There are 2 protein chains.
Amino acid sequence: VIAVLSGGVGAARLLRALRTATDAREVTAIVNVGDDLVMHGLTICPDLDTITYTLAGLNNEELGWGLAGETWRVMDELTAIGGEAWFRLGDRDLATHLYRSQRIGRGAAKSDVATEVARRLGVVERLLPVSDDELRTVLATPEGELSFQEYFVRRRHDVEVSAVRFVGADRARPAPGVLDAIRCARRIVIAPSNPLISIDPILAVPGVRDAVAARRDDVVAVSPIIGGRALKGPADRLLRELGHEASCVGVARHYLEIAGRIVIDEADAASAPAIERLGVRASVTTTVMGDAANDARLAKDVMA
Amino acid sequence: VIAVLSGGVGAARLLRALRTATDAREVTAIVNVGDDLVMHGLTICPDLDTITYTLAGLNNEELGWGLAGETWRVMDELTAIGGEAWFRLGDRDLATHLYRSQRIGRGAAKSDVATEVARRLGVVERLLPVSDDELRTVLATPEGELSFQEYFVRRRHDVEVSAVRFVGADRARPAPGVLDAIRCARRIVIAPSNPLISIDPILAVPGVRDAVAARRDDVVAVSPIIGGRALKGPADRLLRELGHEASCVGVARHYLEIAGRIVIDEADAASAPAIERLGVRASVTTTVMGDAANDARLAKDVMA
């Protein structure tokens, strides 16, 4: 087993890249659920769906989220009748949420549904929401507490964050298979996702951080920060606002107790010694994904 | 106030016809909720929506249900991923259900949402679900108990029914405005909807039957049975299966305690004396709607 702690887009790309270096059937993604929301009565799992769609080859490359060939009939009509449409749900995407909500309404667990949808779309990797229980990432801002999607989508992460908490995390149980995957993995990968709002909620589920820490020598993180900046999203700004260093060194320090190695970008090669001094091995490669050769190189280094 | 006890299609057509004989702002439809369902996490109110769409001029005349110019992107995709798609929800229609479910999730009542959607679509009549509480029509069949939509849509009402019950009716409260509308109406109309599964659930809400019965002289029912047959749906078959006479006389008898008059079709003119002998006045006119002249004639007779 290769266990990959996963947020959304960055993790989806890494998981896809890993196919060049390992058998996809061996890979288990342990996916953040702190971004999940109930909207219009529907249970929506944005990180999980991004990964599912990307691994199924159905992701919308232009938008960077959602499905290729998407249409917006329902949202257009919802706007017309005065509904809340800031969280855009495409027509094809909605089918996933209807399916999930129906199954959950009948007593299925989120992790069961994740498996069903992945299989139906031809995804070979095992996709596991870290927990079937409620766990909500909430951000403290000058405008009050915002849910993850209010912060990320509605406010386009253009608001100062003074604290992050994971509501429900203390009572959440790891989904079936999560701890076993971590314990038995020959490699554990922390995807280049936002450490504070994509990976930390995974680690906040009781038992997960300890299980990962116990495997520290086999844990490798891929830095989501290159040259002090996030390729996408607010990771750099959030790291600064929450008292961390917005650099690959800051990321290595954040994961100090759980990751024995970090993969950093060539642009950050000069930071390798500082990371090694923390007691973390540093591998230098290209961490920008999207190009087949780069993807293969990164995957090989992660699996090395 | 003109209060109209309403099921779906037949009621929608009668309400539209009534515009030729009275000010639409005066009309309050009191709508069956026994067909309502939660599916895919969405709260769906088929009778209410049929009325809303018809009065907004948005109904699909070919299908006989749903919206004109409808598309099926979500359902097609839901089918593709193995979801339950026997209850067809069009893309435009889904927007209504998303809107309603979001509002209800935030604490709004079904009746509030009915008003909001109606206003937004330009419907002038007041549309009131008979109750904001749960009330589910359940039919006993050789296949076991079926929900209304399982019976009506999934089994195309092609199954024997031995009993009907309205689960939750004893605890349901009339929605705000329902009893007042009945008490203050200068006319109460029972639409040509299925007496046993569209009108009876309305009357089953505690207080409603008594309020209607107290106004018996001002209550007029329009027979949904013409020449022993229902124009649409299983009303004739159900009447027989449940021990009633499948005729306008049977309908008059069913409503004996609450309706002082019944409007029957010319095809049933010969039944008028039998109805009068029950102590119910009978008006004879054309009850088949769809043609402007017929609609106006029926509306005039109902309002006479």
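Since this is a predicted model, take the numbers as computed values, not measurements. Below, chains carry the letters A, B, ... as their sequence lines are ordered, and counting in each starts from 1.
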dist B/L67:CG -> A/E77:CD (nearest 0.5 Å) comes out at 6.5 Å

Mark yes when over 12 heavy atoms from residues, nucleotides or ligands other than A/R13 sit less than 6.0 Å from its CZ; otherwise mark no. no

Heavy atoms only, distances under 4.5 angstrom: which of B/A85, B/G82, B/G90, B/G83 has the most pairs with chain A? Name it, please. B/G82

CE of B/M75 to CG of A/D91, rounded to nearest 0.5 Å, is 11.0 Å

Does the distance from a Lys or Arg side-chain N to an Asp or Glu carboxylate O, for A/R103 and B/E84, drop under 4.0 Å? no

Heavy-atom cut-off 4.5 Å, strictly under: side chain, backbone, both or neither for B/R100 against chain A? neither

Please answer whether the main-chain N or O of A/H40 pairs with a side-chain N or O of B/Q102 as donor and acceptor at a distance below 3.5 Å. yes

One option among B/E116, B/R119, B/R106 has the most heavy-atom pairs under 4.5 Å with chain A, and it is B/R106

Sort out for me which of B/T71, B/L121, B/I81 touches chain A most, counting heavy-atom pairs under 4.5 Å. B/I81

So with a 6.0 Å cut-off around CZ of A/R88, is the heavy-atom count from everything else above 12? yes

Out of B/V74, B/L94, B/V117, B/T43, return the one with the most heavy atom pairs under 4.5 angstrom to chain A. B/V74

How far does CG of B/L98 sit from CG of A/L98, to the nearest 0.5 angstrom? 7.5 Å

